[in-house]
Amino acid sequence: MEHFHLAFSSPTATVAATPGAALCGVVASGNLEVLVEAARDAADAQICRFEIHTAAEGFRETWQAVLQDFCHRHAAGGLCFLLNDVGATPAVVALRLAQAHESWVAAGGGTVV
Amino acid sequence: MKRSRSYLEASARERVLGLLDPGSLNEACPPQARLVSPHLARLDLPQALDDGIVTGSGTLDGQPVLIAAQEGAFNGGSVGEIHGAKLTGLLQAACRIRPAAVLLLIDSGGVRLHEANAGILAISEVARALLAVRAAGIPVIALLGGRCGAFGGMGIVSRLCHAVVMSEEARLGLSGPEVIETVKGREEFDSRDRALVWRVTGGKTRRALGEADRLVEDSLSAFRAAAAQLIAQAAEQPWQAPELAALQAAQAAWQQRYQAFEHARDGTDILATRLALDPAAASLTSAEEFEAALRAPAPPGDAAPPLRAWGPAQALDPEDQRWADRLWGPGAHRLQAAGHFLAGEAGSGEHRVWVVGTRERAPIDIPLALRMAQAVLQAVAADAAAATPVPLVLLAETQGQALSRQQELLGLPGALAHLALCVDLARRRGHRLLTLVRTEAVSGGFLAFGMLGDRICALPGAEIRVMDLRAMARVTRIPLERLEDLARTAPVFAPGAENFERLGGVHEVWGEDQDWGLACRAALAACTAQDQRAALGEQRGGRTLAQPVAAAVCQALGG
């Protein structure tokens, strides 16, 4: 397993009145689970943070590319993502991040899918 | 959430949302609580934020329910310390808040082998908590529709529920075909023959045999409808915990059914009798057509057929004699052995006890389980009018369940659940239950009997094990050498009774020089009807998460 933290700038996400959490995906081979919550520190409004736990070793640069791209395309500033990954492809990672982000925003800041 | 969607393909969360009324789910210890498994972390393996199980409350057609759903895709839905504790906490809450029903969406291979000892204890605590919910008159319904089905300890737990709803896609068994194949060979059970696997353990065969109560289509809506129907049924005519007459009737039905199908080797043998359809066509029918084509089983005859002949009852062999003399004194016990079965009574006056159990590393098959159940029921019946029922000493000595395709086919998890229900009846009728682990006690055979004791005592050198290491290596894909190493060093893997004592799974380990007679009497006096093993594990430092996690879930659900 590899464990690391990454952070990228991103336009501020719509922070809900009562921020909760959203979960997407499953910890299984070729898949990952993504938990998204509002960052505890309000000063991080333009930063998106990622905590990654991955069974696929040696892909740090790929993670950086995928996550930076996600932060560029979505308003994810002020959010924290936790990822438990078991070898998902970049496409699946991007999909889960988008799903989690969407359900978080849609539910007014918190639900689990 | 589109309810016509496949239940099989849905994740645990999607199943929960598909069954409950929209917006009604209130999840206890949700993913953001980050209750991840430290045991998996120690093995450098991926963890899930909910440890693979969703637990919560909600409504179904307006009826308040508690619901738990196992995620079969995460480690085969297997039960680890936290996963099991969440389920136990939910069941404990049920007793306090009294929902219309508890729904268990089971999708599990059983004990999480990576957490071995903590896993088997977790399942045992789930079983005890479930029996308490039944005793409280609250319906518990098992829904089986996932890829893992219900195997191992979760197979037994499924059959402890009031009712089992299954789709054709799901399976219900005890030992997985891979395990049977590894230990007994391909001739016994070819796990590559998937059609055979489903004919033995799949939903249709189970429904035809009576090991499942309802067969449904693979959709969220079908499972929801079946659950709603059963909840309505239970509201009208409450489902109580089985009393003596009901279990005696079940015992007779089991003996009759076993005799009727004793030569069956394949699901088609069951379908040929129980289905008014060509067995070859059975796989093509819808769930509704299948239900309509089921023949009711023949009514029980006047006398239950005798259990398989064990040979004449024998007096004890020298080793059993020595052991019994140490416990009760020479001449103060009246025990008889018959093959792997051992029973009788011992002691005198206020120290009299019933003794029921197994010997010589017994493999537990259906006839042996039924024989043990019968002995327990006889003790309960004998003391039915007594002010203080005589305690039962449960002798746990088993190499585990019999690894046999035929035993799986004929419903081994159900037979073990029946045995467990009989032991639970004894407890509810006021009999203290003391388990003695002699040399070894393994997996399902121990789960369904010895682990149900009020107090579990181990003799010196006793070992408790979850699974044969070779089979464990095959299932976990951890090399055998590494497992052997872990079995020597890591608390969750080490099989010694002292280790289990520290985990709270064994209350006492007796010394070689101790007076076992005194120890036995003291242990009986210390028996309590409440399951304190998780608290013991926390106090003793060997299993520190089970108790607080169960308490947290229970509290979150209003219990």
Side-chain angles (χ1 to χ4, degrees), chain A residues 1-5 16 18-40 49-59 63 79-88 92-93 95-97 99-104 106-113, chain B residues 1-2 5 9-18 20 22-38 40-56 58 67 69-78 80 83 107 109 112 114 146-148 477:
Chain A
M1 296 287 292
E2 270 180 11
H3 313 271
F4 40 86
H5 289 79
T18 49
L23 184 91
C24 203
V26 166
V27 181
S29 184
N31 210 334
L32 75 161
E33 75 178 349
V34 176
L35 178 78
V36 54
E37 292 176 297
R40 258 148 255 182
R49 298 191 184 279
F50 298 89
E51 180 185 333
I52 296 132
H53 307 279
T54 176
E57 296 177 356
F59 288 93
W63 283 105
L79 300 180
C80 286
F81 288 80
L82 192 161
L83 283 63
N84 284 322
D85 168 67
V86 194
V92 173
V93 173
L95 174 67
R96 294 273 177 261
L97 288 171
Q99 284 172 332
H101 181 259
E102 188 187 311
S103 61
W104 189 85
T111 190
V112 282
V113 199
Chain B
M1 181 63 49
K2 223 175 149 232
R5 286 185 53 193
E9 300 297 329
S11 69
R13 292 185 175 280
E14 287 165 347
R15 291 171 188 166
V16 168
L17 292 174
L20 293 182
S24 71
L25 171 65
N26 181 19
E27 188 175 356
C29 294
Q32 53 266 42
R34 290 162 163 80
L35 287 178
V36 295
S37 165
L40 290 176
R42 207 177 303 115
L43 287 171
D44 200 35
L45 289 169
Q47 298 131 65
L49 292 167
D50 56 13
D51 204 29
I53 187 168
V54 180
T55 45
I67 189 164
Q70 297 177 299
E71 179 50 70
F74 177 64
N75 281 319
S78 57
H83 179 125
D107 193 1
R112 189 180 294 165
H114 308 81
R147 211 159 253 115
C148 299
R477 288 176 214 158

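Order of the sequence lines sets the chain letters (A, B, ...), proteins ahead of strands, with each chain counted from 1. The structure presented is a predicted model; accordingly, all values stated were derived computationally and were not measured.
Listed here is the closest heavy atom pair of B/Gln32 and A/Leu35: CA-CD2, 3.9 Å. B/Asp44 approaches A/His3 most closely through the heavy-atom pair OD1-NE2, 4.3 Å. Minimum interatomic distance between B/Ala73 and A/Ala28 (heavy atoms only, all atoms of both residues): O-CB, 3.3 Å. Closest approach of A/Leu23 to B/Arg13, counting heavy atoms only: CD2-NE, 3.2 Å.
In this structure, A/Glu51 CD and B/Arg34 CZ are separated by 6.5 Å, a value rounded to the nearest 0.5 Å. Rounding to the nearest 0.5 Å places NE2 of A/His53 at 8.0 Å from CG of B/Leu49.
At least one donor-acceptor pair under 3.5 Å links the side chain of A/Asn84 to the backbone N or O of B/Gln47.
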